[in-house]
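Written below as structure tokens is the structure these notes are about.
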Amino acid sequence: MNVWIAIGVTVLGCYAVKLAGLLVPAGALERPMVKRLAALLPVALLAALTAEQTFADGQVLVLDARAAGLGAAAVALVLRAPFLLVVAAAVLVTAGVRAMGVG
């Protein structure tokens, strides 16, 4: 029964957040600082998630094959490669490093 209570609380919380977003006055959203924050926040959150998934293993920082894959993706991005090529480079480098037994 506790699982259903958690699901219900989560549903209500998600609905409350969505409702709060709809209740913000349009004038408040037109401010330059709010627009800039809204543009930068998703990038910062995605960068934090990527860093956490790449360099963390529980409570420990690690440097393994995932870091090599992230580096390959960064190089592909600097070279302005298409997105699928960026992902493919990351996958191939990560798999290659793991196959060599390094990470």
Side-chain angles (χ1 to χ4, degrees):
M1 189 63 180
N2 289 337
V3 172
W4 287 109
I5 293 171
I7 291 172
V9 169
T10 303
V11 167
L12 291 174
C14 289
Y15 184 76
V17 168
K18 186 162 187 117
L19 184 62
L22 292 173
L23 295 176
V24 174
L29 299 175
E30 295 300 321
R31 295 181 181 159
M33 178 138 175
V34 174
K35 283 186 174 182
R36 187 168 182 210
L37 181 64
L40 294 177
L41 194 60
V43 175
L45 290 173
L46 184 58
L49 178 64
T50 301
E52 193 275 331
Q53 290 292 312
T54 301
F55 300 113
D57 186 17
Q59 297 285 329
V60 180
L61 290 175
V62 294
L63 191 61
D64 60 3
R66 296 175 293 181
L70 182 63
V75 169
L77 283 172
V78 168
L79 296 175
R80 297 192 177 272
F83 179 72
L84 289 178
L85 191 59
V86 171
V87 173
V91 167
L92 290 173
V93 169
T94 303
V97 170
R98 284 192 175 161
M100 291 187 304
V102 177

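Computed from heavy atoms alone, side chains included, the values below leave out hydrogens, waters and symmetry copies.
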Qualifying residues under side chain to side chain contact (heavy atoms under 4.5 Å, CB included), relative to Ile7, sequence neighbours excluded
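Only Val3, Trp4, Val11 meet the side chain to side chain contact (heavy atoms under 4.5 Å, CB included) criterion with Ile7.
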Residues which pass salt bridge (Lys or Arg N to Asp or Glu O under 4.0 Å) with Glu52, listed by chain and number, not counting sequence neighbours:
none
In Å, rounded to the nearest 0.5 Å, how long is the span from CG of Leu46 to CG of Leu41?
11.5 Å
Distance from Leu45 atom CG to Thr50 atom OG1, nearest 0.5 Å?
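Reported to 0.5 Å precision, the distance equals 10.5 Å.
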If hydrophobic clusters are built by linking Ile, Leu, Val, Met, Phe, Trp and Tyr wherever their side-chain heavy atoms come under 4.5 Å apart, do Phe55 and Leu49 end up in the same one?
no
May I ask you to list the residues sharing a hydrophobic cluster with [X], side-chain cutoff 4.5 Å, ordered by chain and number?
X	answer
Leu19	Tyr15, Leu23
Val17	none
Val34	Val24, Leu29
Val60	Val62

Could you go through residues 66-92 and list every donor-acceptor pair under 3.5 Å that involves a side-chain atom there, pairing it with any protein atom two or more places apart or in another chain?
unit_1: Arg66; atom_1: NE; unit_2: Asp64; atom_2: OD1; d: 3.3
unit_1: Arg66; atom_1: NE; unit_2: Asp64; atom_2: OD2; d: 3.3
unit_1: Arg66; atom_1: NH1; unit_2: Gln53; atom_2: O; d: 3.0
unit_1: Arg66; atom_1: NH2; unit_2: Asp64; atom_2: OD2; d: 3.3

Enumerate the residue pairs fulfilling salt bridge (Lys or Arg N to Asp or Glu O under 4.0 Å) with a member in residues 11-36, sequence neighbours excluded, ordered by first and then second residue.
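Residue pairs passing salt bridge (Lys or Arg N to Asp or Glu O under 4.0 Å), neighbours aside: Glu30-Lys35.
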